[in-house]
2 protein chains.
Amino acid sequence: MSSTTKALTLLSHFSTKRPEIGLSQLCRLAGRDKATTYRHLQALETAGFVEQNPATKHYRLGPAIMHLAQVREATVPRETGAINVIKELADATGETAHVTVLSGSTLYGLSACESPHHATRAVIDISIFPLHATASGLCALAFGPEDLFQSALTKMENFTSATPATPEALADLVAHIRLTGFGQADQIYEDEIQAIAAPVFDHTGNFAGAVAVASVASRFTSELEKTIKAELTIAAREITRNWGGVIPAQIEKAWAASITHSNTLEPTS
Amino acid sequence: MSSTTKALTLLSHFSTKRPEIGLSQLCRLAGRDKATTYRHLQALETAGFVEQNPATKHYRLGPAIMHLAQVREATVPRETGAINVIKELADATGETAHVTVLSGSTLYGLSACESPHHATRAVIDISIFPLHATASGLCALAFGPEDLFQSALTKMENFTSATPATPEALADLVAHIRLTGFGQADQIYEDEIQAIAAPVFDHTGNFAGAVAVASVASRFTSELEKTIKAELTIAAREITRNWGGVIPAQIEKAWAASITHSNTLEPTS
DNA sequence: TGTATCGGTTCGTATATTGAACCGTTGTTG
DNA sequence: CAACAACGGTTCAATATACGAACCGATACA
């Protein structure tokens with residue numbers, strides 16, 4: 001581990017919950033010597049990555065970060081921060097993967113990637129995802145802004161016999177998704193298509209969109225579902241990271257519970 | 001210079017104009033050995049501060065920056081990023097300093113600091129700054145969004161005999177400010193008060209507010225004006241830095257020209 | 001007054017950083 | 001197509017630099 005890496009890991013101890021940290025406290029958190037930590041902080045300070053609160057002498061994140069964030073945002077727009085992830089997701093699951101972004105009360109498709117693994121596969125040819133009838137849309141309802149539900153109720157088009165048709169049915173679906181952390185759409189938008197989605201968060205800390213895998217219902221086994229869910233969590237974490245967000249703890253918890261519950265075939269290691 | 005500092009300075013070579021940089025190119029820019037630069041980049045990459053474009057192998061700023069920016073924004077709201085600067089500004093000039101922020105088409109006072117240097121001094125007791133009649137407001141018109149001018153025209157209250165009363169008079173003032181980089185208010189809001197303001201920019205790259213010094217007209221000499229302008233540029237750069245922005249090049253140029261022109265007493269060193 | 005903790009400093013030791021030279025690959029060019 | 005140049009990445013001896021135990025002065029508390 002290079003000294004630079006060690007210095008940079010100091011930054012990871014700052015959070016909105018612990019925005020300012022004193023030297024000694026940071027030593028304890030990082031498990032390193034005081035002199036070392038001090039020198040690292042000095043290096044970070046000269047680069048503008050941390051600064052000292054003049055009053056308390058405690059350290060906090062510095063202004064240089066805001067400047068770099070501006071460049072990063074211009075450099076890597078959302079799409080490029082997601083495209084490689086969904087490629088890997090499609091590859092790992094052998095199914096079609098896609099990402100959506102929420103803008104206002106509309107959920108747009110950002111990009112999709114089909115896997116050549118099967119001759120029959122889901123094709124994502126929609127650009128606006130119905131909130132009430134897609135895995136990604138249900139994710140948005142479950143983890144996005146609350147007023148989204150009202151908006152969804154005004155556009156409850158009936159796509160298949162399984163499409164939720166009443167506010168109560170939709171609320172039930174959403175409630176279930178809040179428990180599992182995954183949006184699921186079992187042929188509620190298109191017959192023969194079964195999709196699972198996971199929410200993605202951006203730098204504002206809010207729901208930003210969803211990453212999803214769409215499979216063909218006839219080959220959708222619980223084994224595949226398990227794989228998809230595992231890969232989805234990886235992809236959701238990765239995209240969230242690329243977009244500067246964090247996965248809320250309760251969603252991580254829901255994922256963990258949801259995956260172990262369905263995991264009845266494997267030993268608990 | 002520590003190796004960490006050297007590694008971190010690599011980041012400063014990234015900009016919106018040059019968002020991706022190859023290894024060799026970065027060596028040239030940084031004037032350092034290729035092996036060294038490579039290792040530094042690796043350290044930065046493990047920390048998520050840079051990442052590689054898989055296609056070109058070029059490096060670009062990484063996702064960790066967005067996450068830290070979120071924490072920084074929560075940690076240091078605008079006021080704390082400006083307050084110490086205007087304290088120093090008040091101290092250096094011996095006059096009252098203040099900062100304003102633009103929100104929508106309204107310019108709010110953020111905080112002010114009086115200098116105890118003189119018995120008579122300007123007191124900033126307004127919370128909404130008229131765009132057409134204050135140094136900060138004129139700055140906003142000159143360097144802020146264009147539609148601000150229309151908005152200003154609808155509220156052209158007449159405060160003193162010098163307050164611009166016609167759209168043409170206001171446009172003339174604004175045009176002059178664009179040339180000098182400083183908003184000036186010679187008793188156009190309050191008799192006996194002469195103020196100079198400089199624009200401040202935030203992480204979006206746009207005009208975010210102004211930093212200003214208000215003096216008493218009777219003691220306002222060209223010598224004091226020179227001092228204030230010099231200190232204002234320092235303060236504007238500092239607050240801009242704290243807010244994650246950069247001073248546009250043409251404003252820096254305007255400042256330089258504006259200060260050297262008025263500087264007829266000192267040798268050009 | 002004594003003690004504990006804070007941020008910061010010193011200095012000899014040894015470890016991690018350095019850069020010239022090298023490698024394999026890619027793309028260009030006469 | 002062979003020669004060449006430029007690329008990203010790797011090696012290894014030399015040494016510059018990072019390390020941490022011990023120390024300092026200030027502050028707070030009892």
Side-chain angles (χ1 to χ4, degrees), chain A residues 1-15 17-64 72 75-76 80 84 87-88, chain B residues 1-15 17-64 71-72 75-76 80 84 87:
Chain A
M1 195 186 218
S2 73
S3 78
T4 301
T5 306
K6 279 181 268 185
L8 289 176
T9 51
L10 289 180
L11 296 175
S12 66
H13 294 101
F14 293 90
S15 65
K17 235 205 113 188
R18 203 199 294 113
E20 299 203 347
I21 309 180
L23 175 58
S24 300
Q25 192 184 356
L26 192 50
C27 290
R28 271 177 260 120
L29 288 169
R32 267 196 284 280
D33 184 82
K34 192 166 53 167
T36 303
T37 305
Y38 179 66
R39 273 190 303 272
H40 286 166
L41 282 170
Q42 290 227 315
L44 292 171
E45 190 170 20
T46 62
F49 279 73
V50 301
E51 65 183 9
Q52 262 186 306
N53 184 331
T56 63
K57 297 270 186 182
H58 285 195
Y59 294 86
R60 62 182 177 218
L61 296 179
R72 162 77 183 181
T75 306
V76 185
T80 63
N84 285 316
K87 271 183 192 155
E88 276 171 30
Chain B
M1 194 187 220
S2 73
S3 77
T4 301
T5 306
K6 279 181 267 184
L8 289 176
T9 52
L10 289 179
L11 295 174
S12 66
H13 294 101
F14 292 91
S15 65
K17 235 205 114 190
R18 204 199 292 113
E20 299 203 347
I21 309 179
L23 174 58
S24 300
Q25 192 184 356
L26 192 50
C27 291
R28 269 176 262 123
L29 287 169
R32 266 196 285 280
D33 185 82
K34 192 164 52 163
T36 303
T37 306
Y38 179 66
R39 272 189 305 272
H40 286 166
L41 282 169
Q42 290 227 315
L44 292 171
E45 190 170 20
T46 63
F49 279 74
V50 301
E51 65 183 8
Q52 263 187 303
N53 183 331
T56 63
K57 298 270 185 180
H58 285 195
Y59 294 86
R60 62 182 176 219
L61 296 179
V71 177
R72 161 77 184 181
T75 305
V76 185
T80 63
N84 285 317
K87 272 184 192 152

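Every chain is numbered from 1 and lettered A, B, ... according to where its sequence line falls, protein lines coming before strand lines.
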Task: For A/F49, ring pair (Phe, Tyr, Trp, His ring centres under 6.0 Å) partners two or more places apart - done: B/F49

Open item on the list: Quick check on DNA chain D: between B/T56 and B/S3, whose nearest nucleotide comes earlier from the 5' end?
Closed with: B/T56

TODO: Would you mind telling me which of B/N53, B/L10, B/L41 makes a side chain to side chain contact (heavy atoms under 4.5 Å, CB included) with B/Y59?
DONE: B/L41

- [ ] Take nucleotides 23-30 of chain D nucleotide by nucleotide from the 5' end and write B, S or -, depending on whether a protein heavy atom sits under 4.0 Å from the base, only from the sugar-phosphate, or from neither.
- [x] --------

- [ ] In whole angstrom, give the distance that lies between atom CG of B/L26 and atom P of D/dG9.
- [x] 12 Å

Task: Separation of D/dC7 P from B/N53 CG (nearest whole Å) - done: 17 Å

TODO: Starting from the C-alpha separation in whole Å, work towards a yes-or-no answer on side chain to side chain contact (heavy atoms under 4.5 Å, CB included) for B/L8 and A/L8.
DONE: CA-CA 9 Å; B/L8 289 176; A/L8 289 176; 3.7 Å; yes

TODO: Would you mind reading off the distance between B/D33 atom CG and D/dT15 atom C1', rounded to a whole angstrom?
DONE: 15 Å

Open item on the list: Heavy atoms within less than 4.0 Å of DNA chain C: which residues of residues 40-52 of chain A have one? Give them sorted by number.
Closed with: A/Q52

Open item on the list: Going 5' to 3' along DNA chain C, which are the first and last nucleotides with any atom under 4.0 Å from a heavy atom of chain A?
Closed with: C/dC6 to C/dT17

TODO: Would you mind reading off the bend of the helix from C/dT1-D/dA30 to C/dG30-D/dC1 from its two end axes, five pairs each, to 10 degrees?
DONE: 30°

Open item on the list: Going by salt bridge (Lys or Arg N to Asp or Glu O under 4.0 Å), name the residues that satisfy it together with A/E51, two or more places apart in sequence or in a different chain.
Closed with: A/R60, B/R72

